[in-house]
Trainee: 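Pasting a structure here, questions to come.
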Amino acid sequence: MFSCRSLLVLLLSVCSLTAPSLALPFEQRGFWDFAMDGEVGDLTTVMMRDEEGSAVEELPPDVSLCPFGCHCQLNVVQCSDLSLTAVPKEIPRDTKLLDLQNNRITELKENDFKGLTNLYALSLVNNKISKVHPRAFTPLLRLKKLYFSRNLLTVVPKNLPPSLVELRIHENRIKKVAEGTFSGLGSMNCIEMGGNPIQNSGFEPGAFKGLKLNYLRISESKLTGIPKDLPDSLHELHLDNNQIQAIELEDLSRYKHLYRLGLGFNHIRMIENGSLSYVPNLRELHLENNRLTRVPMGLPDMKYLQVVYLHSNNVSRVDVNDFCPRDFGMKRSFYNGISLYGNPVNYWEVQPATFRCIGDRLAIQFGNYKK
């Protein structure tokens, strides 16, 4: 689901918390699988499970019920990998899941989805779409999930269905998100828009106005700082693989509900003292593969923090109070993962008391530093 998957496997293999811990290791629940498109084994099965939790029954063969070349099941139409250049005609009106990925569709026209009022999920991944008619999505009154990744879009399409809950639009050519782009989308929960060549200046003031997102990913872009005015409802914010150089004092001041913050693979040299006090509920902090020379200040005051990734930085010293508070009662949950490997720090010089608020010594990762 997240970047640095091999590193996640290494760190999350640590032992579970011991009895004195007051909280279990943080695990996000209630969201969909955010694996990158193309890594989900059976797209229609995943989408159907999200909607009804029921199996899909095969319909008797009937050419009149299915567009030529497509494979139709009860409420499911699969038209992937057919070299289609346009949305096929005569899609059954009771279709709930429409799979059009891996084709050569270049445009969505006004009547492409006419009559599909029951459509729940639409996958357009890996096409060549650069143009979307302003009324293309008007018939989709019940659409919840729109997978639009790996296309040629330069802007987020207009007039997205108000019922939309999840939008994946990564790996396009989007450079700008205008004010009001997401207006009227009060049900939206998740947006994945990484892999677009967007800079901080590409987000106009009010671009995310009205959204109550839990999950936002803008990784693999051209950000040089944390964007302003993102939804203050966020639980997860992933900004990995950008060009962010510093975290300034009030960069995180809006995001008091954050549980996960991903800032790995940036150019961060400095985290201003006091910055992390704005995210008191944080469980996971990803700062791996940056240019930090010391452990960020403020970690001991974060009562619920359980996982900190600091590997592959320039940290040369770890002090006894860098991670744990002086007063044991302040820490509500023990750490279950701290990565410090790939830093020029001599682990044998670090005092054992430095990790006094960690559930198990195997949760600490040191060593493997190469100049």
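All residue numbers in this chain count up from 1 along the given sequence.
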Trainee: If we ignore hydrogens and angles and just use 3.5 Å, is the side chain of Glu272 paired with the main-chain N or O of Glu248 as donor and acceptor?
Mentor: no
Trainee: Checking side-chain contact (heavy atoms from CB on, under 4.5 Å) for the pair Leu258/His235: CA distance, chi angles, key distance, verdict?
Mentor: CA-CA 4 Å; Leu258 275 185; His235 287 176; 5.7 Å; no
Trainee: Considering all heavy atoms of both residues, which atom of Gly194 and which atom of Glu192 are nearest to each other, and what is their separation?
Mentor: N-OE2, 2.9 Å
Trainee: Would you say the side chain of Pro157 lies within less than 4.5 Å of the side chain of Pro134, judging by non-hydrogen atoms?
Mentor: no
Trainee: CD of Gln306 to SG of Cys357: how many Å apart, nearest 0.5 Å?
Mentor: 11.5 Å
Trainee: Just say parallel, tilted or perpendicular for the rings of Phe137 and Phe148, cut-offs at 30° and 60°.
Mentor: perpendicular
Trainee: How close do Ser221 and Gly195 get, heavy atom to heavy atom, and via which atoms?
Mentor: OG-N, 3.9 Å
Trainee: Closest heavy-atom contact between Asp240 and Asn266?
Mentor: CA-ND2, 4.0 Å
Trainee: Is there a side-chain contact between Leu276 and Met302, using heavy atoms and a 4.5 Å cut-off?
Mentor: yes
Trainee: Would Asn214 and Asn189 satisfy side-chain hydrogen bond (donor to acceptor under 3.5 Å, both in side chains), going step by step from the backbone distance to the final call?
Mentor: CA-CA 5 Å; Asn214 282 321; Asn189 198 330; 3.0 Å; yes
Trainee: Mind checking the NE2-CG spacing from His133 to Leu108? Nearest 0.5 Å is all I need.
Mentor: 11.0 Å
Trainee: Is it true that Lys209 and Asp229 make a salt bridge, defined as a side-chain N closer than 4.0 Å to a carboxylate O?
Mentor: no
Trainee: Only one of Thr181, Leu230, Ile218 forms a side-chain contact (heavy atoms from CB on, under 4.5 Å) with Phe203, so which one is it?
Mentor: Ile218
Trainee: Quick check: do Val76 and Thr95 have side-chain heavy atoms less than 4.5 Å from each other?
Mentor: no
Trainee: Parallel, tilted or perpendicular: which one describes the rings of Phe182 and Phe208, with boundaries at 30° and 60°?
Mentor: parallel
Trainee: Assess the residue pair Val77 and Asp99 against the criterion (side-chain contact (heavy atoms from CB on, under 4.5 Å)); give the C-alpha distance rounded to whole Å, side-chain angles, the decisive distance to 0.1 Å, and a yes or no.
Mentor: CA-CA 6 Å; Val77 177; Asp99 182 4; over 6 Å; no
Trainee: Where do Tyr120 and Leu143 land on the side-chain contact (heavy atoms from CB on, under 4.5 Å) test, with the steps shown first?
Mentor: CA-CA 4 Å; Tyr120 168 85; Leu143 192 70; 5.9 Å; no
Trainee: So which atom in Pro296 and which in Leu287 form the shortest heavy-atom distance, rounded to 0.1 Å?
Mentor: CG-CD1, 3.8 Å
Trainee: Would you call Arg168 and Glu166 a salt bridge, using N to O less than 4.0 angstrom?
Mentor: yes
Trainee: Show the numbers, then the answer: is there a side-chain contact (heavy atoms from CB on, under 4.5 Å) between Leu164 and Leu146?
Mentor: CA-CA 7 Å; Leu164 204 62; Leu146 178 56; 3.8 Å; yes
Trainee: Given 3.5 Å as the limit, does a donor-acceptor pair link the side chain of Asn241 with the main chain of Ser219, or not?
Mentor: no
Trainee: Kindly work out whether a path of hydrophobic side-chain contacts (I/L/V/M/F/W/Y, heavy atoms less than 4.5 Å apart) joins Met270 to Val279.
Mentor: no
Trainee: Do Leu292 and Tyr335 land in one hydrophobic cluster if side-chain heavy atoms of ILVMFWY residues count as linked below 4.5 Å?
Mentor: yes
Trainee: Which distance, rounded to the nearest 0.5 Å, do you find between the CG of Leu116 and the CZ of Arg142?
Mentor: 12.0 Å
Trainee: If we ignore angles and hydrogens, is there a donor and acceptor under 3.5 Å between the side chains of Asn102 and Asn126?
Mentor: yes
Trainee: Donor-acceptor pair, distance only, cut-off 3.5 Å: does the side chain of Asn127 make one with the backbone of Arg104?
Mentor: yes
Trainee: Looking at Val165, is its backbone amide N or carbonyl O close enough to the side chain of Ser187 to form a donor-acceptor pair, meaning the two atoms are under 3.5 Å apart?
Mentor: no
Trainee: Grouping I, L, V, M, F, W and Y whenever their side-chain heavy atoms are under 4.5 Å apart, do Ile268 and Tyr278 come out in a common cluster?
Mentor: yes
Trainee: Does one side chain, of Asn314 or Arg291, offer a donor that lies under 3.5 Å from an acceptor on the other?
Mentor: no
Trainee: Please tell me whether Tyr255 and His257 form a close aromatic pair, meaning their ring centres lie under 6.0 Å apart.
Mentor: no
Trainee: Would you compute the distance between atom CG of Leu153 and atom NZ of Lys131 and round it to the nearest 0.5 angstrom?
Mentor: 13.0 Å
Trainee: Does Leu122 share a hydrophobic cluster with Leu84, counting links as ILVMFWY side-chain heavy atoms below 4.5 Å and allowing steps through other members?
Mentor: yes
Trainee: Keeping Ser333 on the side-chain end and Tyr304 on the backbone end, is there a donor-acceptor pair under 3.5 Å?
Mentor: yes
Trainee: Just checking His238 against Tyr215, ring centres under 6.0 Å apart?
Mentor: yes
Trainee: Is there a side-chain contact between Ser312 and Glu288, using heavy atoms and a 4.5 Å cut-off?
Mentor: no
Trainee: Should Leu285 and Leu299 count as side-chain neighbours, where that means a heavy-atom distance under 4.5 Å?
Mentor: yes
Trainee: Keeping Asn172 on the side-chain end and Ser149 on the backbone end, is there a donor-acceptor pair under 3.5 Å?
Mentor: no
Trainee: Return the CG to CD1 distance between Leu119 and Ile91, rounded to the nearest 0.5 Å.
Mentor: 8.5 Å
Trainee: For Cys79, does its backbone N or O pair with a side-chain atom of Asn103 as donor and acceptor, under 3.5 Å?
Mentor: yes
Trainee: Is there a donor-acceptor contact under 3.5 Å linking the side chains of Asn346 and Arg317?
Mentor: no
Trainee: Can we say Glu236 and Arg260 salt-bridge, meaning some charged N sits less than 4.0 Å from an Asp/Glu carboxylate O?
Mentor: yes
Trainee: Report yes if some heavy atom in the side chain of Tyr309 is under 4.5 Å from a heavy atom in the side chain of Ile338; otherwise report no.
Mentor: no
Trainee: Same cluster or not: Val318 versus Met297, using hydrophobic residues (I, L, V, M, F, W, Y) connected whenever any side-chain heavy atoms lie under 4.5 Å apart?
Mentor: no
Trainee: So, the side chain of Asn200 versus the backbone of Lys228: is there a donor-acceptor pair under 3.5 Å, distance only?
Mentor: no
Trainee: Within the 4.5 Å heavy-atom criterion, are Ile129 and Leu124 side-chain neighbours or not?
Mentor: yes
Trainee: Are there over 12 heavy-atom neighbours, none belonging to Lys256, within less than 6.0 Å of that residue's NZ?
Mentor: yes
Trainee: Counting only N and O atoms by type, is there a donor-acceptor contact under 3.5 Å from the side chain of Arg135 to the main-chain atoms of Asn111?
Mentor: no
Trainee: Taking all non-hydrogen atoms of both residues into account, name the closest pair between Asn281 and Tyr259 and its distance.
Mentor: O-CD2, 3.6 Å
Trainee: Counting the benzene-type ring for Trp, do Tyr347 and Tyr341 have ring centres under 6.0 Å apart?
Mentor: no
Trainee: Kindly indicate whether the side chain of Gln101, heavy atoms from C-beta on, has any atom under 4.5 Å from the side chain of Tyr147.
Mentor: no
Trainee: So, for Ile105 and Val87, which heavy atoms are closest and what is the spacing to 0.1 Å?
Mentor: CD1-N, 4.3 Å
Trainee: Distance from Asn75 atom CG to Leu98 atom CG, nearest 0.5 Å?
Mentor: 12.0 Å
Trainee: Decide whether Asn313 and Asn290 meet the rule of one side-chain donor and one side-chain acceptor closer than 3.5 Å.
Mentor: no
